[in-house]
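Numbered from 1 within each chain, the chains take letters A, B, ... in sequence-line order.
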Protein chains: 2
Amino acid sequence: MTAESPSQKGGTVGKAMEVLDCVARFGTPVRFSQILEVSRFPKPTLYRLVRTLADLGMLDHDADKDTYMPGRRLLKLAHVAWAQFSLASIARPHIDRLGQQVSETIHLAQLDQGQVLYLDKRNARDPVEMYSQAGKVGPTYCTGVGKAMLAFLTPEEQERVIALQSFHRFTPHTLVTPEALRARLETIRTQGYALDEEEHETGIICIAMPVLNGSGRVLGSVSITDTVLRTTWAALKEKLPLLRETVERIGHDAQDWHYPGI
Amino acid sequence: MTAESPSQKGGTVGKAMEVLDCVARFGTPVRFSQILEVSRFPKPTLYRLVRTLADLGMLDHDADKDTYMPGRRLLKLAHVAWAQFSLASIARPHIDRLGQQVSETIHLAQLDQGQVLYLDKRNARDPVEMYSQAGKVGPTYCTGVGKAMLAFLTPEEQERVIALQSFHRFTPHTLVTPEALRARLETIRTQGYALDEEEHETGIICIAMPVLNGSGRVLGSVSITDTVLRTTWAALKEKLPLLRETVERIGHDAQDWHYPGI
DNA sequence: ATTTTAGTTTCATTATTTGAGACTAAATGA
DNA sequence: TCATTTAGTCTCAAATAATGAAACTAAAAT
């Protein structure tokens, strides 16, 4: 039994999902030939997969322009996924509350295969483009939400996630080595919160805290974000008590919710 | 070649998607045996399908409780679907704008297989639980957004959609016959907007207008909703000019966007 | 201790998927 | 205009994967 890379799972269903990913990765409606270029399947095989997915509503086919894009059926399925995504629904009232208390942008995130998966976003000032955020993934090593979670994992989990990081330098402040990251995580663990000091985007700073359940297990994290133009570190850090209260309440409500793996 | 019911598409991928639907329909994490009860597949077949979907991340498996729910991979795919769902993204700035102008709840919807598919929701008062709404489906014959679209379809399309309606009586005001609905649609077409007079939920009323492109084709619809306790018909109808402006702008921007079918 | 239930595995059979190649239609170019 | 390229579609024998009756295991219920 040979280990298979996750992107090359055997089985017809796996291949179909691979095609779905290909189409999604474009981020814009694509023609069949464009999918063909990036996929590993021969033409007739890919053709049938694409047609099957379109028939099933997993891809939407624009007959006019003859292009494909991720389908509406996904929207419906994701609607349910979202509603059941326990941390998102458990956290919602608390995120709502925090949103009323602060004027900055709030994120709720979770770890997913070493990456940050955003579950919720609030922006009291100008609502809201949430779908554009929930479901989005981002880097773990250079975001507040990511580091907050990372710092509170067990050492083994932490190393496993660190091994998955790309350490791309987004800004001059990005931590680009595992060593630098580990040192920072130590600090975060001690002080109980993480900062994003313009490590991902210049001008964007945030404070973040992990959501822990009773046994100290990391369930997710919450952050408060602003720009260096609109706030100062002192002002932002004043929100720490509100943030602490929020993550504690979420952690309490999520007591018996089992985190579905990293 | 025999016509196949859409729920019984041959092919392994179709079967897998059927299982995904089964799981989603529960709306809560389910055990394998529960899926078995509602699915048409024999035990080992279903077992393999479920495991395959879980391996692929389309289902999330909670190892503790041994339950399955729609997976996180769906969230990521839906994120892209949403972003590309042209009407949603084209409409966003206009929906934002309307949201700043009125304090009521706003919906953006589209027709999907005879049902209303909600694409966006805004609520200026308390933002916003959007994922919980976008992707949701509802009835066409007894909602403002639904009737607004229905009224402006071609007669053939209209009949096709009417034939798909269940005409369940949700409230004493629900129109429960095709005849009553057709008469109402006539009025809506004449006056250019639809009302929901507590036809779906008691106490909930709304005004809705279709989004039409230059050639009069129905692309979607937008509604402004409130409760009978907070508003009156007179007050609500005062928002009609704002609503008209919104749908016109969306229709204008969506000029060359081709609606992906009913 | 026995029975029931839920989940898992096996394997010969069956059905689907596969993909090289051929074909068509439409666009491009000479 | 007619040749040529390109994008999309179809065919069918061969290769592969899915199937499901039956058997098995583990754990819970009696």
> Using the C1' atoms of the five pairs at each end, what is the angle between the end axes of the helix from C/dA1-D/dT30 to C/dA30-D/dT1, to 10°?
Replying inline: 30°
> C/dT17 phosphate, OP1 or OP2: any side-chain N/O from A/T12 under 4.0 angstrom?
Replying inline: no
> Who pairs with A/R51 by salt bridge (charged side-chain N to carboxylate O under 4.0 Å, His left out), at least two apart in sequence or on another chain?
Replying inline: none
> What is the distance from NZ of A/K15 to C1' of C/dT16, rounded to the nearest Å?
Replying inline: 11 Å
> Parallel, tilted or perpendicular for A/F170 and A/H200, by the 30°/60° rule?
Replying inline: perpendicular
Within the sub-3.5 Å range, which N or O atoms of nucleotides 24-29 of chain C have a protein N or O partner, and how far apart are they?
none

> With distance as the sole test, does A/Y141 use its side chain to make a donor-acceptor pair with the main-chain N or O of A/H168 at under 3.5 Å?
Replying inline: yes
> Tell me, for nucleotides 6-13 of chain C in 5' to 3' order, what letter each nucleotide earns: B for a base near a protein heavy atom under 4.0 Å, S for only sugar-phosphate near one, - for neither?
Replying inline: SBBB----
>> Under a 4.0 Å threshold between the charged nitrogen and the carboxylate oxygen, would A/E159 count as salt-bridged to A/R182?
In response: yes
>> Using 30° and 60° as the class boundaries, would you call the ring planes of A/F32 and A/Y47 parallel, tilted or perpendicular?
In response: perpendicular
>> Whole angstroms only, please: what is the CG-C1' distance between A/L49 and C/dT18?
In response: 10 Å
>> Donor-acceptor check, side chain of B/R160 to backbone of B/G114, threshold 3.5 angstrom: yes or no?
In response: no
>> Can a donor-acceptor pair be found, under 3.5 Å and without considering hydrogens, that links the side chain of B/S221 to the backbone of B/V145?
In response: yes
> Can you list the steps and then say if A/H61 with A/D66 is a side-chain hydrogen bond (donor to acceptor under 3.5 Å, both in side chains)?
Replying inline: CA-CA 7 Å; A/H61 181 224; A/D66 202 4; 2.8 Å; yes
> Under the salt bridge (charged side-chain N to carboxylate O under 4.0 Å, His left out) test, which residues partner B/R73, sequence neighbours left out?
Replying inline: A/D21
> Can you name the salt bridge (charged side-chain N to carboxylate O under 4.0 Å, His left out) partners of B/R48, sequence neighbours left out?
Replying inline: none
> With respect to the phosphate group of D/dG20, does any side-chain polar atom (N or O) of B/T45 fall under 4.0 Å of OP1 or OP2?
Replying inline: yes
